[in-house]
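A quick write-up on the structure given underneath.
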Amino acid sequence: MIPYGKQDITQSDIDAVVEVLQSDYLTQGPKGPLFEKTVAKYCDAEYGIAVNSATSALHIACLALDLGKGDFLWTTPVTFVASANCGLYCGAEVDFVDIDPRTYNMSVDALEEKLLLAEKTFALPKVVVVVHLCGQPCDMEQIYRLSQKFGFNIIEDASHAIGGRYKNEAIGACRYSDITVFSFHPVKIITTGEGGMALTNNKRLAEKMELFRSHGITRDAERMTQDPDGSWYYQQIDLGFNYRMTELQAALGVSQMSRLDEYVQKRHLLAEQYNRALADLPLTLPWQHPDSYSGMHLYVIRLELEKISSTHKEIFESLRQLGIGVNLHYIPVHTQPYYQKKGFKFGDYPEAECYYREAISIPLYHGMTTGQQETVISALHEILK
Ligand SMILES: *Cc1c(COP(=O)(O)O)cnc(C)c1O
């Protein structure tokens with residue numbers, strides 16, 4: 001099976017991890033801060049907080065923004081469930097904004113419309129989580145403009161977008177957001193096995209996220225309620241978690257970062273080859289916003305079903321049978337049983353549901369060979385001819 005995504009691990013990655021195993025620190029050593037610095041510097045952000053997953057990063061990002069009971073978090077329905085669940089972890093209510101039919105990201109028009117309604121019912125969101133789907137940056141300038149007008153905070157879920165750029169600045173620079181979150185799961189652009197990071201330019205938010213990452217415990221005397229009893233002393237000043245990243249993960253991350261640009265370039269090259277080879281098929285190919293440079297995490301095709309005799313499911317299964325590990329990103333979150341129990345219904349977000357009926361993610365990863373890509377292309381030609 002040709003997978004839809006796959007990590008790239010080199011000998012220098014392996015050496016970096018082995019070096020940690022032979023060192024004094026398996027966790028809470030020098031590699032964590034080095035990885036944070038490396039990513040923050042690449043993105044031109046002030047602070048990086050490395051954690052054990054993007055899900056944890058989203059959780060502590062929401063907590064740092066004081067999201068809680070009685071608050072609303074809005075996100076897009078076309079995302080992984082974690083972008084919404086982080087609001088529920090904090091006791092907030094989650095709501096969704098439909099997608100733009102061209103970029104598949106949250107629609108700015110739909111967002112503005114929903115904000116105008118919410119303003120009248122005093123139900124404005126405290127946090128909006130935008131997702132750069134497939135790596136394509138959202139229209140951050142416009143979303144930021146709305147955040148200023150309606151007073152909400154922005155978290156960028158950039159799990160798909162490290163290495164991408166928006167208006168010539170790295171995704172993660174947080175120019176138009178409070179916090180940006182990356183995932184380093186093995187299917188993503190770079191990996192640490194499991195892992196994530198939150199970036200911000202706000203010192204107060206960075207300090208809060210650091211606290212929530214590690215039990216709410218501080219060793220900084222200035223933040224304590226009394227003078228330290230002695231050099232052993234620490235204080236728990238909030239309720240946090242153990243969301244720390246290990247040194248093995250951080251060392252792997254530092255090593256992977258040295259190839260990030262190469263990874264994204266290769267993904268663009270593969271995408272361009274797909275663009276050319278699939279142009280004549282009854283498909284809608286990914287549309288690239290001219291203002292931005294995608295991280296190109298996923299290559300999603302949409303079937304033009306009115307021109308095809310088979311169903312979406314039949315085409316998906318035929319591709320799998322031919323050894324093509326296609327996938328579907330994502331089942332709209334509001335249609336999940338857990339969210340249906342909260343009152344969301346099919347039909348609530350028609351663009352997201354239409355996307356779901358047509359979308360297929362086809363294989364795209366750094367190590368993909370020309371032969372593997374040709375296999376995918378000829379399978380699509382055969383099935384859709
Ligand atoms: C992968 C992903 C996550 C979760 O990442 P983990 O590191 O696995 O927790 C969250 N949001 C999006 C959009 C993702 O693709």
Side-chain angles (χ1 to χ4, degrees), residues 3-7 35-36 39 48-63 73-90 94 96-97 99 103-106 127-138 140 154-164 171-172 177 179-199 209 212-213 241-246 249-250 252-253 256 263-264 267 294-300 327-334 336 338-339 352 355-356 359 361 364-365:
Y4 86 85
K6 186 177 183 230
Q7 70 273 18
F35 183 40
E36 292 175 338
V39 176
I49 292 89
V51 286
N52 57 2
S53 71
T55 303
S56 304
L58 287 164
H59 185 190
I60 60 173
C62 288
L63 287 173
L73 175 147
W74 291 4
T75 189
T76 163
V78 178
T79 184
F80 186 56
V81 291
S83 321
N85 288 345
C86 56
L88 302 180
Y89 295 160
C90 300
V94 167
F96 301 95
V97 179
I99 62 165
T103 62
Y104 318 146
N105 284 331
M106 180 185 284
V127 171
V128 173
V129 176
V130 297
V131 180
H132 306 310
L133 196 77
C134 306
Q136 162 133 272
C138 294
M140 292 310 300
I154 301 173
I155 298 174
E156 293 175 70
D157 180 346
S159 294
H160 299 182
I162 193 168
I171 293 294
S177 66
I179 297 167
T180 300
V181 167
F182 292 134
S183 170
F184 309 123
H185 182 280
V187 297
K188 308 292 162 82
I189 297 168
I190 63 163
T191 190
T192 60
E194 295 278 1
M197 196 178 291
L199 299 176
M209 289 193 286
F212 288 124
R213 168 177 63 184
F241 308 87
N242 180 353
Y243 282 167
R244 293 187 301 263
M245 173 179 272
T246 68
Q249 292 169 308
L252 179 55
Q256 291 258 313
Y263 285 163
V264 178
R267 287 174 174 277
S294 174
M296 204 57 83
H297 168 52
L298 297 171
Y299 192 93
V300 172
N327 218 309
L328 209 171
H329 302 90
Y330 290 94
I331 305 159
V333 179
H334 71 283
Q336 295 289 355
Y338 188 80
Y339 281 87
Y355 166 90
Y356 175 61
S361 307
L364 185 75
Y365 52 93

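Counting convention: from 1, in listed order, for ligands and their atoms alike.
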query = Side chain of Asn105, backbone of Val130: donor and acceptor closer than 3.5 Å?
reply = no

query = After noting the C-alpha distance and the side-chain angles of Ile49 and Phe212, does the key distance pass the side chain to side chain contact (heavy atoms under 4.5 Å, CB included) rule?
reply = CA-CA 10 Å; Ile49 292 89; Phe212 288 124; over 6 Å; no

message = Quick one: does any side-chain atom of Thr192 pair with a main-chain N or O of Gly253 as donor and acceptor, under 3.5 Å?
response = no

ask   = side-chain contact (heavy atoms from CB on, under 4.5 Å) with Phe241: which residues, sequence neighbours excluded?
value = His59, Leu63, Tyr243

ask   = List by chain and number: which residues place a heavy atom under 4.0 Å from ligand 1?
value = Ser53, Ala54, Thr55, Thr79, Phe80, Ala82, Ser83, Val131, Asp157, Ser159, His160, Ser183, Lys188, Gly195, Tyr330

task = Would you kindly say whether Thr180 and Glu156 are connected by a side-chain donor-acceptor distance under 3.5 Å?
result = yes

request  = Give me the ring orientation class for Tyr339 and Phe96: parallel if the planes are under 30° apart, tilted from 30 to 60°, perpendicular past 60°.
outcome  = perpendicular

